[in-house]
Amino acid sequence: MKDLIDKLYNTGNLTDAELEALLLDDSENEYLRKRAEEKRISVYGREVYIRGLIEISNYCKNNCLYCGIRAGNEKAERYRLSTDDILSCCDMGYEAGFRTFVLQGGEDIKQDDDFIVTTVKAIKSKYPDCAVTLSVGEKSFESYKKYRDAGADRYLLRHETIEKCHYEKLHPQNMTLENRVRCLKDLKALGFQVGCGIMVGSPYQELKYIIKDLRFIKEFDPQMVGIGPFIPHKDTPFKEEKAGSVDLTLKLLSIIRLLLPKVLLPATTALGTMSTDGRSRGILSGANVIMPNLSPKAAREKYMLYNNKLNTGIESVEGLNALKKSMEEIGYKVAVSRGDYIK
Ligand code: 5AD
């Protein structure tokens with residue numbers, strides 16, 4: 001197993017059969033983690049990049065079966081932020097040391113292209129030294145182009161799973177994997193730093209699908225990859241499904257770091273929600289980004305993608321000092337910088 005891990009370290013790749021062998025055998029997980037950490041340090045040192053996450057709306061026209069803000073969840077209390085609300089979050093975030101703002105929301109038809117463009121422009125003109133990341137779902141090439149022209153730097157759109165039959169079990173019929181991948185390609189062609197990713201342990205996921213996802217991630221070569229455990233939400237069709245594994249998520253973080261040494265890889269909120277030291281363990285497994293919550297308090301409670309989603313403590317701007325301390329405890333340091341992808 002150590003040979004395989006060394007091969008992955010040295011070449012940045014493995015065959016599907018080798019990936020399968022590595023995923024099936026947990027005896028050298030600690031060695032894998034160490035090698036991923038070594039790779040991460042060789043590229044990004046011991047800096048942890050922070051991104052201020054602003055949850056701009058929980059209205060969504062989509063009905064993804066796993067997600068707490070799906071259109072069909074009548075119990076969700078809906079809200080949307082205005083451009084001014086979002087700018088206030090940025091003001092607070094800038095003061096605290098954030099140099100990237102991530103605008104994430106459901107696919108809210110009222111937050112149309114004009115709204116996104118106006119908001120991005122407002123942030124970029126007030127804070128020209130900051131990066132703006134968008135995460136507002138599937139749009140046309142033309143819409144993405146407007147966002148890019150307005151100055152947006154990065155775009156997060158998890159592909160969720162690259163296996164078509166799995167994708168169809170997680171999403172309603174009007175959503176297709178084909179369109180998802182089209183979006184990712186358009187985003188890349190427009191010059192965004194792009195992030196794809198999956199939920200670990202989503203219902204119906206199989207090991208062979210995860211291997212396909214890793215292959216897709218390697219080949220698509222995104223600048224960012226977001227992965228976190230699936231966590232059920234009580235008001236969704238998947239309420240009785242079991243949550244994904246923290247250990248498998250950590251192992252996949254390490255593998256992704258070795259497949260794509262330069263990737264910007266967050267230790268996600270879902271990982272922190274599943275385990276109190278999840279984010280620290282994520283960083284120790286090769287992750288180099290943390291995304292504390294900058295949303296107004298009232299919004300945070302309503303942006304519930306899954307049960308018990310964390311929004312206080314080190315998950316939030318108020319907890320930045322605690323986050324800094326927890327990073328120092330494991331030998332890392334929170335950086336005040338945009339934290340761009342290294343070309
Ligand atoms: N558990 C974990 N992650 C989820 N997401 C949505 N719902 C859940 C859930 N129940 C993730 C999806 C989406 C991202 C914004 O949040 O991967 O792309």
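Note that ligands are numbered from 1 as they come in the structure, with each ligand's atoms numbered from 1 the same way. Values in this document were obtained by computation on a predicted structure and should not be read as measured data.
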To check your reading of the model: name the closest protein heavy atom to [atom], its residue, and the distance in Å.
atom: atom 16 (O) of ligand 1; answer: L305 CD1, 3.5 Å
atom: atom 10 (N) of ligand 1; answer: I231 O, 2.7 Å
atom: atom 5 (N) of ligand 1; answer: M199 SD, 3.8 Å

Report yes if some N/O of [X] lies less than 3.5 Å from some N/O of ligand 1; otherwise report no.
X: Y306; value: no
X: F230; value: no
X: Y66; value: yes

- Numbering as shown, the atoms of ligand 1 that approach E160 to under 4.0 Å (heavy-atom distance): 12 (C), 13 (C), 17 (O), 18 (O)
- Proximal ligand 1 atoms for R158, defined as those under 4.0 Å from one of its heavy atoms: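 Within the 4.0 Å cut-off of R158, ligand 1 contributes 11 (C), 12 (C), 17 (O), 18 (O).
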Compute the ring centroids of [X] and [Y], then answer whether they are less than 6.0 Å apart.
X: H159; Y: Y167; value: no
X: H166; Y: Y209; value: yes
X: Y155; Y: Y144; value: yes

- Quick one: does NZ or CZ of R51 land under 6.0 Å from the six-membered ring centre of F98, within 45 degrees of the ring axis?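 R51 over F98 ring: no.
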- May I ask you to establish whether R35 and Y9 are in a cation-pi arrangement, using a distance under 6.0 Å from NZ or CZ to the six-membered ring centre and at most 45° from the ring axis?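 Judged by the rule, R35 and Y9 form a cation-pi pair.
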- Message: Is there a path of hydrophobic side-chain contacts, each under 4.5 Å between heavy atoms, that joins M304 and V136?
- Response: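 In one cluster: no.
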- Just by modelled atom types, is the C60 backbone N or O under 3.5 Å from a matching donor or acceptor in the D108 side chain? no
- Closest to atom 2 (C) of ligand 1 among P229, A243, A270 (heavy-atom distance): P229
- Message: Applying a heavy-atom cut-off of 4.0 Å, say which part of H233 lies close to ligand 1: side chain, backbone, both or neither.
- Response: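 For H233, no heavy atom sits under 4.0 Å from ligand 1.
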